[in-house]
Amino acid sequence: MSAPISRGSRGAEPGAAPYGNFPNYSRFHPPEARISLLPRGLLRSLFPAATRPLLGLDVGCNSGELSVALYQHLLGLQDSSSSPEPPGAGKELKLLCCDIDPELIRRAQQSSPFPASISFASLDIMDSGAREPFLSSYLERFGRSSFDIGFCMSVTMWIHLNHGDGGLLEFLALLASLCTFLLVEPQPWRCYRAAARRLRRLGRGDFEHFRSLRINGDMAESVTRILTQQCAMELVCSFGSTSWDRSLLLFKSTAARPEGSG
């Protein structure tokens with residue numbers, strides 16, 4: 001995403017975060033609500049024969065609370081938030097988490113209980129000039145060309161509102177090309193309208209692309225259709241919906257990947 005003039009992470013009004021970079025996001029959408037929908041042992045069921053560290057990518061991680069909760073759940077470490085990093089945990093999963101807001105990333109870095117296994121970085125994922133060398137450098141450290149699993153939790157709407165239909169298609173194609181498995185939580189269309197209302201209420205006009213979006217309506221269905229019909233992925237499972245009506249959808253790449261790349 002293009003860097004906003006004011007990222008809004010220090011503002012008290014949530015409408016002041018036009019890129020979804022709310023300063024206290026986990027307070028009104030707690031990680032536990034998502035984690036409770038994911039089965040225990042998910043990572044091992046997806047990668048039963050893994051003999052090396054799995055690589056994960058979390059796009060739009062905010063200040064990291066959900067990233068840490070996902071890491072703990074996937075490795076069965078739910079009770080380790082206040083304990084030192086358990087021996088060997090980082091050998092199983094390395095998680096790279098990025099967000100457009102450097103202040104949120106700073107907070108995530110300061111509070112992370114697993115600094116050796118979870119990396120937080122400020123990155124505009126829609127800026128190819130910044131994204132490509134950064135992600136390539138990270139993957140090269142492990143001799144890899146893609147991630148085993150990606151997370152896109154309540155991010156698609158902000159990409160869509162700020163970059164239009166073309167931006168959403170580009171973003172989903174990018175994630176599909178980067179990840180063998182992809183867990184997506186799309187925001188429903190009513191959230192688009194609410195975000196636009198908040199912005200107008202602040203006197204900041206409207207999202208540039210809001211009124212011209214042709215991809216609209218059932219966004220979970222739209223994201224599924226794009227990923228399965230245009231991005232060489234298949235829907236593996238829908239884990240149900242959170243109490244705020246957002247589906248958790250797991251996709252798997254159907255594209256052939258060179259051995260050892262993922």
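Along the sequence shown, residues carry numbers from 1.
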**OP:** Could you check if a side-chain atom of Leu75 sits within less than 4.5 angstrom of a side-chain atom of Leu77, using non-hydrogen atoms only?
**Re:** yes

Subject >> Heavy-atom pair with the smallest gap, counting every atom of Pro186 and Ser247 >> reply: CD-O, 3.4 Å

Subject >> Backbone of Arg214 reached by a side-chain donor or acceptor of Asp165 within 3.5 Å >> reply: yes

Original post:
With distance as the sole criterion, is a donor-acceptor pair present between the side chains of Ser67 and Asp58 under 3.5 Å?
Top reply: yes

Original post:
Considering only heavy atoms from C-beta outward, does the side chain of Leu248 approach that of Val184 to under 4.5 Å?
Top reply: no

Original post:
Counting only N and O atoms by type, is there a donor-acceptor contact under 3.5 Å from the side chain of Gln187 to the main-chain atoms of Ser154?
Top reply: yes

Original post:
Can you tell me how far the CD atom of Glu185 sits from the CZ atom of Arg246, to the nearest 0.5 Å?
Top reply: 6.0 Å

Original post:
Can you tell me how far OG1 of Thr180 sits from CG of Leu46, rounded to the nearest 0.5 angstrom?
Top reply: 10.5 Å

Subject >> Basic-acidic side-chain contact under 4.0 Å: Arg107, Glu103 >> reply: no

Subject >> Heavy atoms from other residues, nucleotides or ligands near CZ of Arg131 exceed 12 (cutoff 6.0 Å) >> reply: yes

Original post:
Hey, what do you get for SG (Cys231) to CZ (Phe171), rounding to the nearest 0.5 Å?
Top reply: 11.0 Å

Original post:
Has the side chain of His73 got a donor or acceptor atom that lies under 3.5 Å from a matching backbone atom of Leu38?
Top reply: yes

Subject >> Exercise: identify the closest heavy-atom pair between Glu221 and Asp218 >> reply: N-OD1, 3.0 Å

Subject >> Closest non-hydrogen atom pair between Ile105 and Ala121, with its separation >> reply: CD1-O, 3.4 Å

Original post:
Is it true that a side-chain atom of Lys94 and a backbone atom of Ala116 form a donor plus acceptor pair closer than 3.5 Å?
Top reply: yes

Original post:
Counting distance only, does the side-chain N/O of Ser253 pair as donor-acceptor with the main-chain N or O of Met233 below 3.5 Å?
Top reply: no

Original post:
Short question: side chain of Ser45, backbone of Leu42 - any donor-acceptor pair under 3.5 Å?
Top reply: yes

Subject >> Of Ile149, Leu135, Leu139, the residue whose pairing with Leu57 passes side chain to side chain contact (heavy atoms under 4.5 Å, CB included) >> reply: Leu135

**OP:** Determine the minimum heavy-atom distance between Leu249 and Ser238, stating which atoms define it.
**Re:** CD2-OG, 3.6 Å

Original post:
Do Phe207 and Leu199 come within less than 4.5 Å of each other through their side chains, counting heavy atoms only?
Top reply: yes

Original post:
What distance separates Phe142 CZ from Leu96 CG, expressed to the nearest 0.5 Å?
Top reply: 9.0 Å

**OP:** Apply ring-ring contact (aromatic ring centres under 6.0 Å, His included) to the pair Tyr192 and His160, showing each step before the final yes or no.
**Re:** CA-CA 9 Å; Tyr192 284 65; His160 202 186; 5.4 Å; yes

**OP:** Please check if the side chain of Ser137 supplies one atom and the backbone of Pro133 the other of a donor-acceptor pair under 3.5 Å.
**Re:** no

Original post:
With distance as the sole test, does Asn162 use its side chain to make a donor-acceptor pair with the main-chain N or O of Ile159 at under 3.5 Å?
Top reply: no

Subject >> Nearest heavy-atom neighbours spanning Cys61 and Asp99 >> reply: N-OD2, 3.4 Å

**OP:** With sequence neighbours left out, write down each residue that passes ring pair (Phe, Tyr, Trp, His ring centres under 6.0 Å) with Phe47, or none if nothing qualifies.
**Re:** Phe181

Original post:
So, the side chain of Gln109 versus the backbone of Phe120: is there a donor-acceptor pair under 3.5 Å, distance only?
Top reply: yes

**OP:** Look only at the side chain of Asn62 and the backbone of Gly64, and say whether a donor-acceptor pair between them is shorter than 3.5 Å.
**Re:** no

**OP:** Verify side chain to side chain contact (heavy atoms under 4.5 Å, CB included) between Met219 and Met157, making sure each step is shown before the conclusion.
**Re:** CA-CA 9 Å; Met219 293 309 299; Met157 178 182 76; over 6 Å; no

**OP:** Provide the closest heavy-atom pair for Ser122 versus Ile100 in the form atom of the first, atom of the second, distance.
**Re:** OG-O, 3.9 Å

Subject >> Distance-only polar pair, side chains of Thr228 and Glu234, donor-acceptor under 3.5 Å >> reply: no

Subject >> Presence of salt bridge, Glu92 and Arg52, under 4.0 angstrom >> reply: no

Original post:
Is the centre of the Phe114 ring less than 6.0 Å from the centre of the Tyr71 ring?
Top reply: yes

**OP:** Mind checking the CG-CZ spacing from Leu172 to Phe251? Nearest 0.5 Å is all I need.
**Re:** 8.5 Å

**OP:** Please examine the side chains of Leu66 and Phe151, heavy atoms only from C-beta on, and report whether any two atoms are closer than 4.5 Å.
**Re:** no

